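Worksheet: one structure, shown below.
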Amino acid sequence: QMQLAESGGGSVQAGGSLRLSCTNSGRTYSSYCMGWFRQAPGKVREGVATIDSDGEISYADSVKARFTISKDNAKNTLDLQMNSLKPEDTALYYCAADLRCDYIFDPTKRSRVGYWGQGTQVTVSS
């Protein structure tokens, strides 16, 4: 089993930075594909950044050059450094993990992702 817990959310002004962290009690991250996702009120959950077991990374176009995802298998942490934050980044941010990378990467399969955290709120004011 894997229990994911996000931290690091908060309220910042536009242009500010936050660093989210996802820790795990249970199995190690090394074999899992993982990602950060977000859901704003009234919107569907969307992928923000993903990383596979080999360390290959992808970002949503809306966050490229502003957000950086990183994974430390030894510490069992998954981080998301968010810079130059915008009001449209306001959302509940979740980390997720699955051995099936297609579940993480493919929006049509995301409902099958096995492990989700409870989420951490990020609010960016203008």
Side-chain angles (χ1 to χ4, degrees):
Q1 288 293 325
M2 182 179 281
Q3 293 181 327
L4 305 177
E6 302 95 340
S7 62
S11 297
V12 296
Q13 290 190 326
S17 298
L18 284 172
R19 187 177 184 87
L20 306 183
S21 187
C22 176
T23 57
N24 165 46
S25 59
R27 296 177 181 176
T28 61
Y29 282 166
S30 59
S31 299
Y32 284 76
C33 288
M34 303 194 69
W36 284 97
F37 302 85
R38 66 187 182 187
Q39 188 166 16
K43 295 187 176 182
V44 299
R45 190 175 299 186
E46 63 174 354
V48 175
T50 58
I51 183 167
D52 71 12
S53 55
D54 293 326
E56 186 169 344
I57 291 170
S58 64
Y59 295 98
D61 288 342
S62 60
V63 307
K64 280 182 181 177
R66 299 189 298 123
F67 290 12
T68 303
I69 188 172
S70 60
K71 184 171 70 160
D72 188 326
N73 291 328
K75 296 181 179 179
N76 255 11
T77 57
L78 178 75
D79 291 343
L80 184 69
Q81 177 66 42
M82 305 186 296
N83 299 327
S84 302
L85 283 161
K86 304 176 180 180
E88 51 264 42
D89 295 318
T90 295
L92 190 60
Y93 283 70
Y94 300 89
C95 66
D98 205 288
L99 288 171
R100 287 283 301 264
C101 292
D102 55 332
Y103 292 175
I104 292 289
F105 300 148
D106 186 348
T108 66
K109 298 180 181 179
R110 200 154 289 151
S111 62
R112 305 179 195 177
V113 169
Y115 302 101
W116 290 94
Q118 293 299 307
T120 185
Q121 179 67 38
V122 172
T123 303
V124 185
S125 58
S126 57

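Fair warning: this is a prediction, and the values are worked out from it, not measured in the lab. We number each residue from 1, following the sequence as shown.
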Problem - Side-chain (R66) to main-chain (S84) donor-acceptor, under 3.5 angstrom - result: yes

Handout entry: Sidechain N-carboxylate O distance under 4.0 Å for D89, R38
Key = yes

Problem - Hydrophobic cluster identity match, Y94 and M82, side-chain contacts under 4.5 Å - result: no

Practice task
Taking only Lys NZ, Arg NE, NH1 and NH2, and the carboxylate oxygens of Asp or Glu, determine whether K64 and D61 approach each other closer than 4.0 Å.
Solution key: yes

Fill in the blank from the handout: Heavy-atom closest pair (N83 atom, S17 atom, distance to 0.1 Å) is OD1-OG, 2.9 Å

Handout entry: N/O donor-acceptor pair under 3.5 Å between D54 side chain and E56 backbone
Key = no

Problem - F37 six-ring centre to R110 NZ/CZ under 6.0 Å and within 45° of normal - result: no

Problem - Heavy-atom closest pair, residues L99 and S31 - result: CD2-O, 3.5 Å

Exercise for the section: Decide whether I104 and Y59 are clustered together by the hydrophobic rule: side chain heavy atoms of Ile, Leu, Val, Met, Phe, Trp, Tyr closer than 4.5 Å, transitively. Expected result: no

Handout entry: Between OG on residue S25 and CE on residue M2, distance to nearest 0.5 Å
Key = 9.5 Å

Practice task
Check whether the side chains of Q81 and D79 place a donor and an acceptor atom closer than 3.5 Å, and report yes or no.
Solution key: no

Exercise for the section: Enter the distance from I57:CD1 to I69:CD1 here, rounded to the nearest 0.5 Å. Expected result: 6.5 Å

Practice task
Can you measure from OG (S21) to CG (L78) and round to the nearest 0.5 angstrom?
Solution key: 7.5 Å

Practice task
Calculate, to the nearest 0.5 Å, the distance between atoms CG and OG1 belonging to L18 and T123 respectively.
Solution key: 9.5 Å

Exercise for the section: Please work out whether the ring planes of Y115 and Y32 are parallel, tilted or perpendicular, with thresholds of 30° and 60°. Expected result: perpendicular

Handout entry: Single-linkage hydrophobic cluster, 4.5 Å side-chain cutoff, V48 and V124 together
Key = yes

Problem - Contact summary for P87 and A14, nearest pair of heavy atoms - result: CD-CB, 4.1 Å

Problem - Residue E88 excluded, over 12 heavy atoms near CD under 6.0 Å - result: yes

Exercise for the section: Nearest 0.5 Å please: distance from the CG atom of L92 over to the NZ atom of K43. Expected result: 14.5 Å

Exercise for the section: Using modelled atom types only, decide if a donor and an acceptor are shared between the side chain of E6 and the backbone of G119 within a distance under 3.5 Å. Expected result: yes

Handout entry: Co-membership, hydrophobic cluster, residues W36 and Y103, 4.5 Å side-chain
Key = no

Practice task
Determine whether F105 and Y93 fall in the same hydrophobic cluster, where Ile, Leu, Val, Met, Phe, Trp and Tyr are linked whenever their side-chain heavy atoms lie under 4.5 Å apart.
Solution key: no

Handout entry: T120 side-chain N/O to S7 backbone N/O, donor-acceptor pair under 3.5 Å
Key = no

Problem - Atom of A60, atom of G47 and distance for their closest heavy-atom approach - result: CB-O, 3.4 Å

Completion exercise
Shortest non-hydrogen pair, T23 vs T77, comes out as CG2-CG2, 3.9 Å

Exercise for the section: Work out which heavy atom in C101 is nearest to a heavy atom in D52; give both atom names and the distance. Expected result: SG-CB, 4.2 Å

Problem - Stepwise side chain to side chain donor-acceptor pair (under 3.5 Å) test for S58 and T50 - result: CA-CA 5 Å; S58 64; T50 58; 2.5 Å; yes

Practice task
Take Q121 and T90 through the test side chain to side chain contact (heavy atoms under 4.5 Å, CB included) and record every step on the way to the result.
Solution key: CA-CA 8 Å; Q121 179 67 38; T90 295; 4.0 Å; yes

Practice task
Supply the atom-to-atom distance M34 CE to S53 OG, rounded to the nearest 0.5 angstrom.
Solution key: 11.5 Å

